[in-house]
Amino acid sequence: FPLVEGYPLRRRERGLVFYEKKRVLSKELIAELLSWLFYTLIAIVSAFLLVQGFGYRIRMSGSAMLPEIADGQSVFIDRVGYAFSSPKRGDIVAFYPNGNENARLMVRRIIALPGENVRIEDGLVYINDRIYADAEHSFDRIADGGIAVGGLALQDKEYFVLGDLRNASEDSRSAEIGTVSAASIVGRVWFTWGGRSD
C-alpha cells in the first residue's frame, strides 16, 4: 500500500453490477418443448402397444424354477418368437396345463422335443436312451419319475417339460399335466425382474 503521511491508503474498487436478463418464452422455445413432449408420448404409447401386442407379463408362482426364477418374480413372455421358429430344448416356456386357458399359466423348461422318447430312471433323464445333460445348468437327481418312469414317446408338436428345482416341481411327470402341446404354449420367457413376493 502506498503511504501518505504515514498512513496506508486503500484503493477503492468499484464493483461491477451484473443485471440478469429475464428469460422470455419465445415461439421457438415453446415449439421445441411441445415437440419433445410429443415424441416422449409417442415413445411411451409405442412401448405400451409393443408390450401388449407382442408380450405378456405374469408373476411366477412357486419355487419350481429356482434358482433361475424366484417365487413372485415378474416374468415377461415373448408371444411372437414361436410364430417364426419352434421351441428348442432348454427354452423356458409359459403354457396352459392340459391346454386349459382358464388355468393359471405355468413356467417350466423344455427337456424333450416332438418325436423323442423320454424316460426317467435312477434319478436321471434319458432322451432317446442317452442321458440328458445340460452344459449350463446342474440339476438334482429326480426322486420321483412319475409317468416318465416307463418312458414316453412324444408325438408331433408335443414337449416334455421339467422344473429346474426337480424335486419341488409339478411338471410333465405329473398325470395332471403330462406332455405339453405346442398349441398350449403361450411363449418363451424373455426376461424376469423384481424380487420375491412378500
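One is the number of the first residue; the rest follow in order along the sequence.
Closest approach of D134 and Y132 over heavy atoms only: OD2-OH, 3.4 Å. Taking every heavy atom of both residues into account, V161 and S172 meet most closely at N-OG, 2.9 Å. Smallest separation of non-hydrogen atoms from G145 and I120: CA-CG2, 3.7 Å. Nearest heavy-atom pair, I110 versus P87, reported as atom, atom and distance to 0.1 Å: CD1-CB, 3.4 Å. Closest approach of S184 and G99 over heavy atoms only: CB-CA, 3.7 Å.
Hydrophobic clustering of Ile, Leu, Val, Met, Phe, Trp and Tyr side chains at less than 4.5 Å, counting indirect connections, unites I127 with I147. Residues L162 and I177 do not share a hydrophobic cluster, clusters being chains of Ile/Leu/Val/Met/Phe/Trp/Tyr side chains in contact below 4.5 Å. One hydrophobic cluster, built from ILVMFWY side chains closer than 4.5 Å, cannot hold both V180 and F160; they sit in different ones.
Every pair passing side chain to side chain donor-acceptor pair (under 3.5 Å) that includes a residue from residues 107-125 is listed here, sequence neighbours excluded: R89-E116, R108-S169, R109-D164, R119-E121, R119-D129.
For D91, there are no salt bridge (charged side-chain N to carboxylate O under 4.0 Å, His left out) partners at least two apart in sequence or on another chain.
Side-chain atoms of R173 do not come within 3.5 Å of backbone N or O of A148 as any donor-acceptor pair. At distances below 3.5 Å, at least one donor-acceptor pair connects side-chain atoms of E158 with backbone N or O atoms of Q155. A donor-acceptor distance shorter than 3.5 angstrom exists from the side chain of D78 to the backbone of V80, with no hydrogens or angles considered.
In this structure, L124 belongs to a hydrophobic cluster whose other members, linked by side-chain heavy atoms under 4.5 Å apart, are Y126, I131.
Among L105, V75, V189, L66, the single residue meeting the side chain to side chain contact (heavy atoms under 4.5 Å, CB included) criterion with M60 is V75.
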Q.
Applying side-chain contact (heavy atoms from CB on, under 4.5 Å) to S181 and K157, what does each step give before you reach the verdict?
A. CA-CA 6 Å; S181 69; K157 297 184 178 179; 5.9 Å; no
Q.
Between M65 and D71, does the side-chain contact (heavy atoms from CB on, under 4.5 Å) criterion hold? Intermediate values first, please.
A. CA-CA 8 Å; M65 290 304 296; D71 180 32; over 6 Å; no
Q | Evaluation steps, side-chain contact (heavy atoms from CB on, under 4.5 Å), between S86 and Y159 | A | CA-CA 11 Å; S86 298; Y159 298 85; 4.2 Å; yes
Q: Evaluate the side-chain contact (heavy atoms from CB on, under 4.5 Å) criterion for residues F95 and V186: first the C-alpha distance (whole Å), next the side-chain angles of each, then the deciding distance (0.1 Å), finally the verdict.
A: CA-CA 5 Å; F95 63 94; V186 173; 5.9 Å; no
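Rounding to the nearest 0.5 Å places CZ of F139 at 4.5 Å from CZ of R166.
Here the side chains of Y82 and V93 are in contact, with some heavy-atom distance below 4.5 Å. Between P97 and M106 the shortest side-chain heavy-atom distance falls below 4.5 Å. The shortest side-chain heavy-atom distance between L113 and L154 does not fall under the 4.5 Å cut-off. Side-chain contact between I77 and W190 is absent, with no heavy atoms from C-beta onward closer than 4.5 Å. Side-chain contact check for R59 versus Q73: every heavy-atom pair is 4.5 Å or farther apart.
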